[in-house]
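Have a look at the structure below before the remarks.
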Amino acid sequence: MIITALGHAGLDVRTSNARVLIDPWLSPEGAFQAAWFQYPDNSHLLTDSLLRPTAIVISHEHLDHVDPWFLSHVPRDIPAIIPRYPAPALRQKIELGGRRPIVEVEQWQLVEIAPGMSVFFVSEPPMNHDSAIMIQGDDAVLLDMNDARLFPVQLREIRQKLGGHIDAFAFQGAGASWYPMCYAYPAGKRAELSKRKRLAKLAYCRKCIQIVEPTVALPFAGPPAFLDPELFQFNSEMDDGIFPDQQQVADWLRGKGVEQSLVLLPGDAWDTRMREKRGDPHWRGFSFDSRGDYLAEYRSRRATQIDTVRKRHPHPTTSLRPAFVRYFTDLLDMSPYFNARIAMRVGFEVTGPGGGTWHVDFRPGREGVGDGIEECGYIYRFESRWLPPLLNGTVPWEDFFLSLRFSARRDPDRYNDHLLGLLKFAEPAALAEVEAFETAARGDERITVHSEGQVYSVSRYCPHAGNDLLHTGEVLPGGILRCLAHHYEFDLETGRCISGNCEPLQTSRVTGALEGADRQEAEPEADMAS
């Protein structure tokens, strides 16, 4: 098996009988309204031969993973193989690049791509449509995590299904978020939150590698480049924030004793049989240490594309209020379950022609859309040019948030997972699946948790979404239990959720360790988690 990096999260995987592209992203307009660009630039890989794989495997609907521009250049008889999700967003984005065969696969279902080459997916819980990809061929195994954040129990099950040996483990070393960069924090606090997120992500990567025990670990999706002058400052997140580059990820892991980390630049390849790297001569003289000069030159090369995207999004000439009211009135009718868990007013400051200050009230019995942003728990602020595609559905809210073309503030400063979930899905079937998952009966089992010299008996299942804390729980310093499924955190003394709007965790302190009880203990790097 030959694994060639395509840049960002893209991989080109070849065996003796087949060739698949995984999450190829090569659009010269980048992604998310020309906010993100591939770093480093991978445009030299766009050749005729790249456009004729056996199949394209796509993990999820983010536009740095499914690229309609690239797909429009691939012959229409080449199939796309994708995980089955309850919402149609991934299929719809693939079809923006032209209709082609789409093979939807249930997770854990093994599908043959060609004789001797197969694939299967393992997904996150339904609030997050992300999946890891497993490719088998030529007696070699690739586990590609892309954006998925799997639990240790899932990784162990994957390893067992793959025969206990994984040749290559590809993983995302950088974040994919707008928090905390777009939030109204003092500069010092924002920098500290970014650093904590960076270290938490790196610690998670290290833990995954320790479980998977691959021959080689390939960090990818190191940061996007922000080339629009309005966003260029976010490149500083590479320094000590949530967007470390591939080399920084590998260096950090080696500093923690993970020696199998290997950086592949776009065009570099790893031969699993020979266990050797094949470098692309295109990168002679390149160094991540020269980032400033590289990004300045890259920005000038993409100025035309950025300007073209902006011209596609002109400021409106009439008021957007009627369309805003219609959109959110429909959204309020979509899921009473989500409304009840949002349970607050959300404000929108839409600046520029056609804009205004409006709110959406999700509180049960008070649902409605109105003027003003008083008493709002969340407030989003952005230019009016970006609102029409959000209201007409051509740009999903999550894609817009990933563009970083907005600012936000919240009071109290607590994450509301259901607000993002409602905005990003806005589709009854997907919302219903989340509700069914979160409200399924879980029983009243308890587990024992050790923290700060104390022992606690707590509910085994997270009160937010019912995830099994025996597998998804992580103990943090200060007597905090975090559920890794959605990063909800609970005070072990009181059970109170301290990071979001959630029912309390059932907890009680016990005297001494319980014989034979299940046990959770703090990881050595728990102090790095945010």
Side-chain angles (χ1 to χ4, degrees), residues 4-10 24-47 63-64 67 69-70 172-178 181-182 187 190-191 194-195 197-199 201-202 218-255 261-269 277-310 402-405:
T4 302
L6 295 179
H8 203 64
W25 174 40
L26 291 98
S27 170
E29 291 186 352
F32 310 123
Q33 297 83 56
W36 292 33
F37 286 86
Q38 304 87 342
Y39 179 68
D41 185 5
N42 60 355
S43 57
H44 72 288
L45 298 179
L46 192 60
T47 61
L63 289 168
D64 57 324
D67 180 357
W69 180 90
F70 178 78
Q172 177 186 331
S177 177
W178 49 90
M181 299 87 72
C182 294
R190 187 183 302 116
S194 287
K195 182 178 180 179
K197 279 185 68 71
R198 178 192 187 102
L199 292 173
K201 179 71 174 184
L202 293 171
L218 307 172
F220 63 67
F226 298 97
L227 304 182
D228 187 322
E230 292 185 4
L231 304 173
F232 199 78
Q233 75 272 14
F234 291 120
N235 291 309
S236 65
E237 286 291 315
M238 297 185 208
D239 295 324
D240 210 16
I242 76 167
F243 295 131
D245 65 43
Q246 298 93 314
Q247 190 63 56
Q248 290 170 331
V249 173
D251 290 345
W252 187 91
L253 289 169
R254 289 195 191 101
S261 298
L262 175 70
V263 172
L264 297 181
L265 296 175
D268 291 347
K277 175 180 174 179
R278 301 176 184 176
D280 184 339
H282 177 84
W283 298 109
R284 290 192 185 117
F286 174 84
S287 172
F288 283 108
D289 293 336
S290 302
R291 183 178 74 219
D293 292 340
Y294 183 90
L295 290 176
E297 192 273 333
Y298 193 5
R299 176 175 56 185
S300 66
R301 282 189 282 117
R302 288 289 180 264
T304 298
Q305 285 85 359
I306 294 169
D307 186 57
T308 297
V309 171
R310 283 189 162 273
L402 285 168
S403 78
L404 310 188
R405 296 185 183 281

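In this text, all values refer to a predicted model and were calculated from it rather than measured experimentally.
- Atoms NZ and CE, from K197 and M181 in turn, are 8.5 Å apart once rounded to the nearest 0.5 Å.
- Stacking of R299 on the aromatic ring of F232 is recorded, both the 6.0 Å distance cut-off and the 45° axial limit being met.
- Interatomic distance, OG1 of T4 versus CG of L265, reported as 12.5 Å (0.5 Å rounding).
- Distance check: H8 NE2 to Q172 CD gives 7.0 Å after rounding to the nearest 0.5 Å.
- Put simply, the side chain of N42 gets close to the backbone of L6: a donor and an acceptor are under 3.5 Å apart.
- No donor-acceptor pair closer than 3.5 Å links the side chain of R198 to the backbone N or O of G175.
- A centroid separation of 6.0 Å or more is found between the aromatic rings of Y39 and F243.
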- request: In sequence, state the C-alpha distance, the side-chain angles, and the governing distance for Q38 and W25, and then conclude on side-chain contact (heavy atoms from CB on, under 4.5 Å).
  value: CA-CA 8 Å; Q38 304 87 342; W25 174 40; 3.5 Å; yes

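- There is a side-chain donor-acceptor pair under 3.5 Å between S194 and E237.
- With W36 contributing its side chain and L63 its backbone, the two residues share no donor-acceptor pair below 3.5 Å.
- With rounding to the nearest 0.5 angstrom, the NE2 atom of H282 is 10.5 Å from the CG atom of D268.
- Side chain of R405 to backbone of Q33: a donor-acceptor contact under 3.5 angstrom is found.
- In this structure, V249 and P219 approach most closely via the heavy-atom pair CG1-CB, 3.7 Å.
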Working for side-chain contact (heavy atoms from CB on, under 4.5 Å), residues F220 and L264: CA-CA 8 Å; F220 63 67; L264 297 181; over 6 Å; no

